[in-house]
Amino acid sequence: MPAYITTPIYYVNDRPHIGHAYTTTVCDVWARAMRLRGEDVFFLTGTDEHGVKVEKSAAAKGVSPQALADENAAEFQRVLKVFGLTNDDFIRTTEPRHEKQVQYFVKRLLDAGSVYLGTFEGWYDEGQEEYYTETRAKELDYKSPISGRPLTRATEQNYYFKLSSFQKQLEDFFAANPDFVQPAARRNEVLGRLRDGLQDVPVTRTNFTWGIPFPGDEKHVIYVWIDALFNYITALGLGEPGGTLATQRAKYWPAAYHVIGKEILWFHAVIWPALLMALELPMPRRIHAHSFWIADGQKMSKSMGNFVDLPTIEGYFAKYGLDAWRWYMATQGPLQASDSDFRAQHFHETYTSDLVNVVGNCPSRVTAMINKYFEGKMPADSQSGGEWPAKCAAAVTTWNAAIDALDLVGAAQAAMGLLREIDAFIHRTEPFKLAKDPARADELCSILAQCAETVRIAGVLLEPFLPAKMAELRVALKQDDGAPLSKRVAWGGIAPGTALEKCALFPRLEA
RNA sequence: GCCGAUGUAGCUCAGGUGGUUAGAGCGAGGGAUUCAUAAACCCUAGGUCGGCGGUUCGACUCCGCCCAUCGGCACCA
C-alpha cells in the first residue's frame with residue numbers, strides 16, 4: 001500500500017528553527033523506515049506563502065510579497081538539504097499548480113452549497129484592522145488596546161464554509177475511528193470542543209489581496225488556512241483529475257499521516273476532515289499532533305529571542321554530527337502530549353549514553369575481537385545462530401509495529417535493545433577468555449559470528465535514524481543496502497570468511 | 001473566567017480496582033574487569049509519590065478543597 005506522510009507547510013514569514021526541523025525530521029525517519037520496508041512512499045513538505053502577514057512584512061521591507069516568499073521558500077529548501085531530509089516534493093502555495101487546484105476545490109464547494117456568502121458582524125479595531133470576539137472586546141472595555149480608540153461595530157461580507165452541517169458526520173467519524181487523532185490527549189481536546197457545537201467558518205477575506213482569488217468574486221481572496229490545508233491534495237494533483245500529476249500521485253491519497261504541531265490541531269482534526277467530507281474525498285488515516293520543544297525550561301518565543309535557531313542547530317551538527325541531531329530529535333522529542341526540554345547537557349548525555357556507549361561501542365568491541373582472533377574474517381557458526389535469530393526476528397516485529405504507530409522511541413529502542421543484549425551476551429560468555437583456550441575455538445567462533453550478525457541486523461533497523469553512521473557500519477561489515485527489509489534482516493547476511501573492518505562510529509566527546 | 005490534563009528520586013518518566021521494604025533509564029558515588037571509544041558488568045542513591053483536609057484498621061493509590069504548570073476556549077499560519 002502506498003504510504004503518504006506530510007509535514008505542515010511552513011509559513012514563509014518565519015525563519016527556520018527547531019520546530020520546523022523537528023516535525024520534518026520525524027517525518028523523514030518514518031519515510032526512510034517505510035522505504036526500507038520496500039513501501040511506495042511519498043513524503044511532502046513545503047511552504048505556506050499567502051496572507052496578510054506576508055503582505056505586511058513584504059511592504060515593510062519594500063519588496064513584493066512574491067519576492068519575499070521566493071527568498072524565504074528558497075531558504076527553507078536549502079535547510080532541508082543541509083539536514084539531509086528526503087522529502088519527495090516541496091509544495092509552495094503560490095505555485096500555479098496549487099492555486100488552480102484550490103480554486104477548483106473551492107468552486108466545487110460553492111457548487112455543492114457547502115460554501116455560501118454571509119455577513120459577519122463584530123467589534124472592529126480600525127487602527128489594527130482586526131476584529132475581536134465579544135468576550136475579548138468586553139475585556140478591552142470596547143477600546144482598542146493599541147490606540148485606545150473605541151471599537152466600532154462593523155460588518156463584512158464573507159464566504160462561509162458550512163462547518164456546522166458536518167457536526168454529526170464528524171462525530172460519527174470520530175466514534176468509528178478512535179485512533180484518528182493522536183495522541184489520545186489531543187483527541188479528547190478535539191472531542192470536547194466538538195461537543196460545544198460547530199459554527200460555520202469564513203473562508204475568504206477582503207481586507208488584503210495577497211491570496212488566491214475567490215472564483216467568481218475576485219474582491220475576495222481565499223483565507224490562508226483553507227488555501228494551506230489543500231496543499232496535501234494539490235501536491236497529488238487531486239484537483240486536476242486525469243492530469244499528469246494525478247496519474248502519478250493520486251494513489252497516495254488518503255494520507256497515512258499528517259504530522260503537525262499541537263497549535264494547528266483544530267484545523268487538521270475538524271476543518272480539514274469536514275472539507276474533505278464536503279468534497280466527498282476519503283479521510284486521511286491519522287493526524288498526529290506533537291507538542292513543542294522548550295529551551296532550558298523556558299517557552300521559546302519571538303519576544304524572548306530564545307528560539308533554537310538555525311545557527312544553533314548547525315553548531316550541533318558541527319560538534320556531534322547530523323545523525324546525532326536526528327537521534328536526539330527522534331528519541332527525546334515531544335512526539336506525545338507533553339513538551340520536551342532542549343538542553344545542551346541533555347543532548348550531550350544522550351549522545352554519550354546511547355550513541356557512544358552502545359551504538360558505537362558494541363560494534364566496536366565485536367569487530368575488534370574478530371580482527372584480533374580471526375584476522376578480521378567472519379567466523380563460521382556451527383550453532384546456526386543459537387538464540388539470536390529468534391531475538392532478532394522479535395525485534396523486527398516490535399520495530400515494525402512501532403513504525404506503524406509512529407512510535408519512533410519504540411522503534412529505536414527495539415533496535416538498540418539488540419545491541420544491549422549483545423553486550424550482555426559478551427559479558428556472560430566472555431569470548432575474550434575463550435580466545436585463550438584453543439579447545440574452545442568452535443564456541444568462540446559461534447559467539448562472535450552471532451554477535452556480528454546481530455549487530456548487522458540492529459544496524460539495519462537503525463538506518464532510518466542514523467543513515468550516515470549505519471552506512472559506515474555497512475561498509476565495515478561489507479554489506480550493501482539494496483534489498484528490502486525482510487531480506488536484510490534475515491539471519492546469515494554476513495558470509496563466513498568475509499573480511500570485516502574494525503569500526504568506531506561515534507567518537508567520545510567532551511561536553 | 002470556563003473546559004481538560006499534569007504534578008512520584010538531581011533530570012526524564014513507569015506504576016498501583018488502598019495493605020509488609022514505591023520502580024526504571026540517565027546523572028552522581030563506589031567496586032571489579034578488559035574484547036571495546038576508562039565503554040559493557042556489579043553495588044549504592046534513602047524521594048513526607050504538589051499542599052491541606054476527609055473516608056478507612058490502613059492512602060502515594062478513593063473523596064473534597066487549594067496551589068503550580070501545560071493545553072483548548074474558533075476567524076490565530
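- Side-chain proximity of A:K262 to the nucleotides B:rG71, B:rA39, B:rC35 is greatest for B:rG71.
- Nucleotides B:rA45 and B:rG10 have their C1' atoms positioned 11 Å apart, rounded to a whole Å.
- Contact annotation for A:G261: no contact, since no heavy-atom pair falls under 4.0 Å across all strands.
- Rounded to whole Å, the P atom of B:rC13 lies 35 Å from the corresponding atom of B:rG58.
- Nucleotide B:rA40 forms a pair with no other nucleotide shown, judged by Watson-Crick or G-U wobble geometry with both contacts under 3.5 Å.
- Under the Watson-Crick or G-U wobble criterion, with both distances below 3.5 Å, B:rC73 is paired with B:rG1.
- Between A:F347 and A:Y316, the ring planes lie tilted relative to each other; the angle falls in the 30° to 60° range.
- In this structure, A:Y11 and A:R365 both approach RNA chain B, and ranking their closest nucleotides by distance from the 5' end singles out A:R365.
- Closest to the A:A368 side chain, of the nucleotides B:rU37, B:rA40, B:rC35, is B:rC35.
- Annotation: B:rC70 and B:rA59 have their P atoms spaced 33 Å apart (nearest Å).
- Relative to the side chain of A:S353, the nucleotides B:rA74, B:rC75, B:rC26 differ in distance, and B:rC26 lies closest.
- Of all nucleotides present, only B:rC57 satisfies the Watson-Crick or G-U wobble test against B:rG19, with each distance under 3.5 Å.
- B:rG29 and B:rG46 have their P atoms separated by 14 Å, given to the nearest Å.
- Comparing B:rC76, B:rC35, B:rG71 by their closest approach to the side chain of A:R205 singles out B:rC76.
- Between the side chain of A:N361 and the base of B:rA40, no donor-acceptor pair under 3.5 Å is found.
- Under a cutoff of 6.0 Å and an axis angle of 45°, A:R326 and A:F465 do not form a cation-pi pair.
- A straight line from NZ of A:K299 to C1' of B:rU69 spans 11 Å, rounded to a whole angstrom.
- Between A:H427 atom NE2 and B:rC43 atom P the separation is 11 Å, expressed in whole Å.
- Rounded to whole Å, the P atom of B:rG7 lies 12 Å from the corresponding atom of B:rU61.
- Panel note: side chain A:Q77, backbone A:F90; no donor-acceptor pair is recorded below 3.5 Å.
- The A:I426 side chain lies nearest to B:rC35 when the options are B:rG71, B:rC35, B:rA74.
- At B:rG4, none of the side-chain N or O atoms of A:N188 fall inside 4.0 Å of OP1 or OP2 (strictly under the cut-off).
- If you take CG of A:L500 and C1' of B:rC35, they are 15 Å apart, rounded to a whole angstrom.
- The pair A:E453-A:R456 counts as a salt bridge, with a side-chain nitrogen and a carboxylate oxygen less than 4.0 angstrom apart.
- The side chain of A:F432 has B:rU34 as its nearest neighbour among B:rC13, B:rU34, B:rU37.
- For the pair A:N361 (side chain) and A:V356 (backbone), a donor-acceptor distance under 3.5 Å is absent.
- The nearest whole Å value for the distance from the CG atom in A:L265 to the C1' atom in B:rC73 is 13 Å.
- In this structure, the nucleotide among B:rG71, B:rC35, B:rC11 sitting nearest to the side chain of A:R343 is B:rC11.
- The side chain of A:E349 lies closest to B:rC26 when the candidates are B:rC26, B:rA40, B:rA38.
- B:rC65 and B:rG51 make up a base pair, with Watson-Crick or G-U wobble contacts both under 3.5 Å.
- Here A:R186 lies in heavy-atom contact (under 4.0 Å) with sugar-phosphate atoms only.
- Between the CG atom of A:L434 and the P atom of B:rU33 there is a distance of 19 Å, given to the nearest Å.
- Among the atoms of the strands shown, none is found under 4.0 Å from any heavy atom of A:K433.
- B:rU33 atom C1' lies 11 Å from atom NZ of A:K436, rounded to whole Å.
- Residue A:Y373 is classed as a sugar-phosphate contact, given heavy-atom separations below 4.0 Å to backbone atoms only.
- Proximity of a side-chain donor or acceptor of A:Q103 to a complementary backbone N or O of A:P213 within less than 3.5 Å is detected.
- The same atom, C1', is picked in B:rC41 and in B:rC49; the two are 31 Å apart, to the nearest Å.
- Here A:R508 reaches the OP1 or OP2 of B:rA39: one of its side-chain N or O atoms lies under 4.0 Å away.
- The CG-P distance, from A:L191 to B:rA5, rounds to 13 Å in whole Å.
- At a threshold of 4.0 angstrom between heavy atoms, the contacts of A:G192 with the nucleic acid are absent.
- Of all nucleotides listed (B:rU37, B:rC75, B:rC26), B:rU37 comes nearest to the side chain of A:A504.
- If you measure from atom CD of A:E189 to atom C1' of B:rA5, you get 9 Å, rounded to the nearest angstrom.
- Neither OP1 nor OP2 of B:rG72 sits under 4.0 Å from any side-chain N or O of A:R193.
- No more than 12 heavy-atom neighbours from other residues, nucleotides or ligands sit within 6.0 angstrom of CD on A:Q345.
- The aromatic rings of A:Y22 and A:H290 lie perpendicular to each other, with more than 60° between the two planes, well past the 30° mark.
- With a 3.5 Å ceiling on both atom-pair distances, the Watson-Crick or G-U wobble partner of B:rC11 is B:rG25.
- Spacing of C1' atoms, B:rG31 relative to B:rA40, comes out at 15 Å, to the nearest Å.
- With a cut-off of 3.5 Å on both Watson-Crick or G-U wobble distances, the partner of B:rC35 is given as none.
- Of the P atoms belonging to B:rC57 and B:rG1, the separation is 38 Å, rounded to the nearest Å.
- Checked options A:F166, A:F105, A:Y116; the residue passing with A:F161 is A:F166 (criterion: ring-ring contact (aromatic ring centres under 6.0 Å, His included)).
- Considering only side-chain atoms of A:L198, the nucleotide from B:rA40, B:rA74, B:rU37 that sits closest is B:rA74.
- Looking at which nucleotide of RNA chain B each of A:M369 and A:T350 is closest to, the 5′-most match is held by A:T350.
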